[in-house]
Amino acid sequence: MSVEVAGNPLQRIALLGATGSIGDSTLDVIRLHPDRYQAWVMTAHSQVQKAFVQCQQFQPTYFVMVNPQAAQELSQLLKSIHSKTEVLSGDSALVDIVAASEVDIVVLGIVGAAGLAPGLAAVRARKRVLLANKEALVMAGALFMAEVRRHQTELLPLDSEHNAIFQCLPLNCQTVWQTPNLIEQGLSRIILTASGGPFLKTSAAELSHITPEQACAHPNWQMGKKISVDSATLMNKGLEFIEACYLFDIPPSAVEVLIHPQSIVHSMVEWRDGSVLAQLSQPDMKIPIAYGLAWPARIKTQVPQLDWRQITQLEFCLPDTQRFPCLQLAIDAMKTGGSAPVVLNAANEVAVAHFLAGKIAFIEIAKVIIKTLEKMPSVPLSDLAAVWDIDQESRALTSEFICS
Ligand code: NDP
Ligand code: MG
């Protein structure tokens, strides 16, 4: 329920993944609009010190720290300064809190499969859901979108590409919860742009010696480690391909990926008459987040304007799926359907975690995903329980491949 403040309804936000990169950018936008938005509940997994500083700055009513030991530490720190923020703990607290009647907007900035359950809870509670966590749609796109439509939940994409596409749609087509038929409306193609990541020009031979630090040094975006590695393998674009198909309810044949190293054009929509609409801006997540928060209005972000005198080149080329096989694996998984995207996502999460821990080489990521996909042929997904079973089985198998 919103509270009226100085003519604006104050929107209470549940910021999931507050201590991450999406969390930071969301808090930057909230800081600019204290009369419109309040971080009512914030969540993290285990980063106590950062959560403590955030609680002092934003004074949320609740902070959910999923890890119980970290929750205890945070609680003690907050008590020592007589903070009024109450600390909750555990996965169930995460799912319960998004449905609280006080919450208006849920920002889903958790990384990985852990975002699915709270995401679905927010959808079922009919909150405005700002979706950064692409893994939820990759794992359970059909089931997730069916719930969005059943509950008529406002779902707004934060992923910069999907937010760009969303911005390029006419208002009556932006309401993805009402199942607009974009092809009937004249859409012929969605062009997803990709920066190409830090290894766009790296030879296949050099790719075998990539370190986690190199993989996480993205040329255009500051992001969490998992998505940074996904960007380096181009799996991120593959996950976004799947995300686009489910979110906009379009077939894989209507989505194309183009490399655009400058990250100025965030994606494009081509229409039946040959017109192409694009959204351009500085690469800064505050823009999609502000759009999601205020939609259909626009609010300030303090992101610098594009300086057209500096932009002398906007390049586009096709991705190299030989050097970056993960992109094609994801596109194929979407075309196969059923459980294939779940297997792909689970195997990727396990492989990336092992790469970041220094246990496998960069080029092994794609190899163990291929092995897992080969061992787990696609089956239809009847319900969410089936999704979790396949997810767990795939993770166990990938870990086994890595350790053998
Ligand atoms: P980060 O790694 O920076 O942050 C992840 C957040 O999730 C942290 O707050 C972390 O808590 C929390 N978290 C991690 N694991 C769990 C868990 N098991 N249960 C509950 N919370 C957990 O990631 P990003 O912010 O970069 O990305 C978040 C999501 O947004 C990803 O799905 C990513 O693909 C997507 N995205 C991100 C973009 C970006 O610019 N960063 C752009 C587009 C999409 P703690 O810090 O305590 O570990
Ligand atoms: Mg993106």
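Whatever order the structure lists them in is the order used to number ligands and atoms, beginning at 1. Just so it is clear, the values below take in all heavy atoms, side chains as well, and ignore hydrogens, waters and symmetry mates.
- Contact annotation for Lys50 and ligand 1: no heavy atom of the residue comes within less than 4.0 Å of the ligand.
- Residue contact check: Gly17 has heavy atoms under 4.0 Å from atoms 6 (C), 7 (O), 9 (O) of ligand 1.
- With a heavy-atom cut-off of 4.0 Å, Ser21 touches ligand 1 through backbone and side chain alike.
- Under 4.0 angstrom from ligand 1, the non-hydrogen atoms of Val111 come from both its backbone and its side chain.
- A salt bridge links Glu135 with Lys226: the distance from a Lys NZ or Arg NE/NH1/NH2 to an Asp or Glu carboxylate oxygen falls below 4.0 Å.
- In summary, the side chains of Thr61 and Trp40 do present a donor paired with an acceptor at a separation below 3.5 Å, with no hydrogens or angles considered.
- Of all protein N/O/S atoms, those under 2.8 Å from the Mg ion (ligand 2) are Asp159 OD1, Glu161 OE1, Glu240 OE2, and waters are not counted.
- Among all non-hydrogen protein atoms, the one lying nearest atom 18 (N) of ligand 1 is Ala114 CB, 3.4 Å.
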request  = List the steps and the verdict of side-chain contact (heavy atoms from CB on, under 4.5 Å) for Lys127 and Thr153.
outcome  = CA-CA 7 Å; Lys127 307 300 182 185; Thr153 301; 5.8 Å; no
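- Closest to atom 4 (O) of ligand 1 among all protein heavy atoms lies Gly20 CA, 3.2 Å.
- At under 3.5 Å, a nitrogen or oxygen of Glu135, whether backbone or side chain, sits near a nitrogen or oxygen of ligand 1.
- Residue Ile370 holds its CD1 atom at 12.0 Å from CD1 of Ile365, rounded to the nearest 0.5 Å.
- Given atom 34 (O) of ligand 1, the protein heavy atom at minimum distance is Lys134 CE, 3.1 Å.
- Relative orientation of the Phe166 and Tyr291 rings is perpendicular, given thresholds of 30° and 60° on the angle between their planes.
- Looking only at atom types and distance, the side chain of Gln38 has no donor-acceptor partner in the side chain of Gln11 under 3.5 Å away.
- Polar contact with ligand 1: absent for Trp221 (N/O pair, distance under 3.5 Å).
- For the residue pair Trp295 and Gln174, a side-chain donor N or O sits within less than 3.5 Å of a side-chain acceptor on the partner.
- Protein heavy atom nearest atom 28 (C) of ligand 1, with residue, atom name and distance: Gly109 O, 3.2 Å.
- Taking atom 43 (C) of ligand 1 as the reference point, the nearest protein heavy-atom neighbour is Asp159 OD1, 3.1 Å.
- For the 3.5 Å distance criterion, the side chains of Gln214 and Thr211 qualify, holding a donor opposite an acceptor.
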task = Please assess Lys50 against Val53 for the test side-chain contact (heavy atoms from CB on, under 4.5 Å), listing each intermediate value before the final yes or no.
result = CA-CA 5 Å; Lys50 187 161 180 182; Val53 173; 5.8 Å; no
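- Inclusion of Thr19 in the set of residues having an N or O under 3.5 Å from an N or O of ligand 1 is warranted.
- Among all non-hydrogen protein atoms, the one lying nearest atom 35 (C) of ligand 1 is Ala132 O, 3.2 Å.
- Some N or O of Gln47 is nearer than 3.5 Å to an N or O of ligand 1, by distance alone.
- Residue Asn133 approaches ligand 1 through these ligand atoms, each under 4.0 Å from one of its heavy atoms: 32 (O).
- For the residue pair Ser281 / His266, a side-chain donor-acceptor distance below 3.5 Å is found, with atom types taken as modelled.
- The proximity of Ile22 to ligand 1, defined as any non-hydrogen pair under 4.0 Å, involves the side chain as well as the backbone.
- Below 3.5 Å of separation, one finds an N or O of Gly224 facing an N or O of ligand 1.
- What sits closest to atom 29 (C) of ligand 1 on the protein, heavy atoms only, is Ile110 O, 3.5 Å.
- Distances between N or O atoms of His45 and those of ligand 1 include at least one value under 3.5 Å.
- In Met285, the part holding a heavy atom less than 4.0 Å from any atom of ligand 1 is the side chain.
- Remark: the Gln302 side chain and the Arg31 side chain contain no N/O donor-acceptor pair separated by less than 3.5 Å.
- With no hydrogens or angles considered, no side-chain donor-acceptor pair links Thr336 and Ser378 at under 3.5 Å.
- If you check the side chains of Gln185 and Asn181, you find no donor sitting under 3.5 Å from an acceptor.
- Side chains of Arg149 and Thr179: a donor on one and an acceptor on the other come within 3.5 Å.
- Note: Phe362 and Phe355 meet the aromatic proximity criterion, with ring centroids under 6.0 Å apart.
- Residue contacts with ligand 1: Leu94 is placed with no nitrogen or oxygen under 3.5 Å of a nitrogen or oxygen of the ligand (distance criterion only).
- Using a 4.0 Å cut-off to heavy atoms of Val66, the atoms of ligand 1 that qualify are 20 (C).
- Side-chain atoms of His162 and Ser267 include no donor-acceptor pair closer than 3.5 Å.
- Geometrically, ligand 1 and Ser46 share a nitrogen or oxygen pair separated by less than 3.5 Å.
- Taking a cutoff of 4.0 Å between a charged side-chain nitrogen and a carboxylate oxygen, Glu374 and Lys371 do not qualify as a salt bridge.
- No side-chain donor from either of Asn67 and Ser46 sits under 3.5 Å from a side-chain acceptor of the other.
- Listed by atom number, the atoms of ligand 1 under 4.0 Å from Ile227 heavy atoms are 26 (O), 33 (C), 34 (O), 36 (N), 37 (C), 38 (C), 42 (C), 43 (C), 44 (C).
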